[in-house]
Amino acid sequence: MSNTTVGPVYDTIIAEVINAVRVDFEENGVDDGALEDLKKEWQHKLSQMKVAQFPWDPKPEPQAPPAPAHAQPTAPPPTAPPTAATYTQSTLSPQSAQQTLSLPGGLLPNANPMGIKPEPGFVQAEPAIKQEPGMQPIHPGYNPANGARPTAAQRAALALESQYGQRAAASINAIHSGMQINPAAQPQQVPRPGQAPQQHMNPQQQYRQGVAASMQQRMQQVPGARPPNGLPAAQLDGLNDATDTASGPGAVHPIMMDRAQIDEHLHAQIAARAKQMEGGGLMLPLKEATKNRSLPEKPRKADGPSQLDGLDDDVKSEEDDEDAINSDLDDPDEGGDDDEDDDETMGHMMLCMYDKVQRVKNKWKCILKDGVLTVNGKEYVFHKATGEYEW
Amino acid sequence: MANPSNNYYDLYRHGSLGVALTDALDELIGQERIDPQLAMKVLTQFDRVIAETLQEKVKARLTFKGSLDTYRFCDEVWTFLIRNVTFKLDNGGQMVNADKVKIVSCSSKKNEEK
């Protein structure tokens, strides 16, 4: 089914309409340029819809403009959370991590040039960092990767380091080694398997990685927004960023989810036991019996091979069951579905005239004419259409 | 020309051609290059031109089958929601399928009365 006729037909319509309203434009004292612009804009908007090949389009139909490369690693969008920078830094230039490791002065918080070197691949960030040399020692303890858990331990490490610098390295390391007991709890570390051993060798290096990434991020976000040596302020910024990251997509929500799942699990088990005690719900009043009749499905599912999957099912089935208690409640839902269908079909629409609409029992037969049909993103025109459908 | 053009339906304004025209007119109105009354005149001309063009220039015939989900007849307008539709144009043998299609159809009688 080709829609090659659509282009010329629409072209004719546009030309005719433009010609027909030319008089009106002149009567209203509107210059011809507006009319030409109207035509161009009309054609342009039509081309954007890509419903057909139009005569005014260049022969090879203009493809959709390529989606802007959001995944551009060296230039993350300014609004991207600092974790994104960490991720790209660590995955794209793992050799830079090794470089950091080999640096003798890598542990020194004030070793500024050393801190810059780990990211030679980042052309944009390098000059920016050089402009603000005082930045480097500001947040040696700030690491978006670890920032996912802004624990008291981390805050303590941060405070220690800022206050005592290198002298406190030993105690900081002690704190960090304590924090690294369960690295799996840090979501940002999961996609960087190649670096994990290095990080465990020296948490300080890990921080430097994070610092470098976060600094690059900051440079792009607020170049020169902070005083170069404003130690406490900058540090606060770092901390807050880490906190934001954590409370955003990071660690807090999984915990909540777990809790909810545990609750669901307990609820299911208690319900199952209660049901066993009840002897299958025979002793209950009718209303509660209906409620419990839906429950046996849940333990059955929960006993399946994967407990977590079973739990998820529980959540869904429980919602379904609540709906199923009262069948009257389902009816408005169906009505709502119909409304949604109406909206969804806006993409698939036929506008036409009808000559005849006949119905015999549930069989309908329509004779339609002069129609425009939009379906699957393509447009078709027809002079006459016959449709047969059953209700 | 203005008077008989009132006899045409404005349902084609909801098609892509009409939507594109409406958007373009809205832009011109937003730039205060035309006033809304003029835009309405353009749209009424569009109603006439597209109806006449579809009537006179288009020859294609279409058949389609499906299962009727919803039908509605109100103010001389039929609205059908059809599921699992198969369209077939007579010129090309290829079929086009769609999950659901909404058909909005006005009486062809009004056109003939003009």
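Because only heavy atoms are used, hydrogens play no part in the values below, and waters and symmetry mates are left out as well, while side chains stay in. First the proteins, then the strands, lettered A, B, ... as listed; each starts at 1.
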Exercise for review: Examine whether an atom of B/Lys57 lies under 4.5 Å from a heavy atom of chain A, and if so say whether it belongs to the side chain, the backbone or both; otherwise answer neither.
Suggested key: side chain
Practice item. Counting only heavy atoms closer than 4.5 Å, note whether B/Leu28 contacts chain A via side chain, backbone, both or neither. Key: side chain
Practice item. Please state whether the side chain, the backbone, both or neither of B/Val19 comes within less than 4.5 Å of a heavy atom of chain A. Key: both
**Study point:** Interface moiety of B/Asp35 toward chain A, non-hydrogen atoms closer than 4.5 Å
**Key:** side chain
Check your understanding: How about B/Phe73 and A/Val357: do any of their side-chain heavy atoms sit closer than 4.5 Å?
Key -> no
Check your understanding: Does a side-chain heavy-atom distance below 4.5 Å link A/Asp370 with B/Tyr12?
Key -> yes
Check your understanding: Do A/Tyr354 and B/Glu76 come within less than 4.5 Å of each other through their side chains, counting heavy atoms only?
Key -> yes
Practice item. Determine, for B/Lys109 against A/Asp355, whether the closest basic-nitrogen to carboxylate-oxygen distance falls under 4.0 angstrom. Key: no
Check your understanding: Is the shortest heavy-atom distance from the side chain of A/Val17 to the side chain of B/Ile50 under 4.5 Å?
Key -> no
Study note, to complete from the structure: Heavy-atom closest pair (A/Met353 atom, B/Ser108 atom, distance to 0.1 Å) is CB-CB, 3.8 Å
Review point. Do other residues, nucleotides or ligands put more than 12 heavy atoms under 6.0 Å from A/Lys45 NZ?
Key: yes
Exercise for review: Any pair with a residue in residues 358-368 of chain A that passes side chain to side chain donor-acceptor pair (under 3.5 Å), sequence neighbours left out, goes on the list, sorted by first then second residue, please.
Suggested key: A/Lys363-A/Glu390
Practice item. Work out which heavy atom in A/Ala385 is nearest to a heavy atom in B/Phe64; give both atom names and the distance. Key: CB-CE2, 4.2 Å
Check your understanding: Are A/Trp391 and B/Thr70 close enough that some pair of their side-chain heavy atoms sits under 4.5 Å apart?
Key -> no
Point to revise | Between B/Phe87 and A/Tyr380, ring centroids under 6.0 Å | key: no
Check your understanding: What pair of heavy atoms forms the shortest contact from B/Thr53 to A/Val9, and how long is it?
Key -> CG2-CG1, 4.1 Å
Point to revise | Pairwise distance NZ(B/Lys41) to CG(A/Asn28) - rounded to 0.5 angstrom | key: 5.5 Å
Practice item. Sequence neighbours left out, what passes side-chain hydrogen bond (donor to acceptor under 3.5 Å, both in side chains) with A/Glu388? Give chain and number order. Key: none
**Study point:** Shortest non-hydrogen contact between A/Leu351 and B/Leu11, atoms and distance
**Key:** CD1-O, 3.4 Å
Review point. Does B/Leu21 reach the side chain of A/Leu38, with side-chain heavy atoms less than 4.5 Å apart?
Key: yes
Exercise for review: Taking the side chain as every heavy atom from C-beta outward, state whether A/Cys366 and B/Trp78 have any atom pair closer than 4.5 Å.
Suggested key: no
Review point. Is B/Leu17 close to A/Val372 at the side-chain level, that is, under 4.5 Å between some pair of heavy atoms?
Key: no
Practice item. Answer yes or no: does atom CD of B/Gln31 have more than 12 heavy-atom neighbours from other residues, nucleotides or ligands under 6.0 Å? Key: yes
Review point. Any idea which heavy atoms bring A/Ala34 and B/Ile34 closest together, and the distance?
Key: CB-CG2, 4.4 Å
Study note, to complete from the structure: Minimal heavy-atom distance between A/Val30 and B/Arg33, with the atoms involved, is CG1-O, 3.6 Å
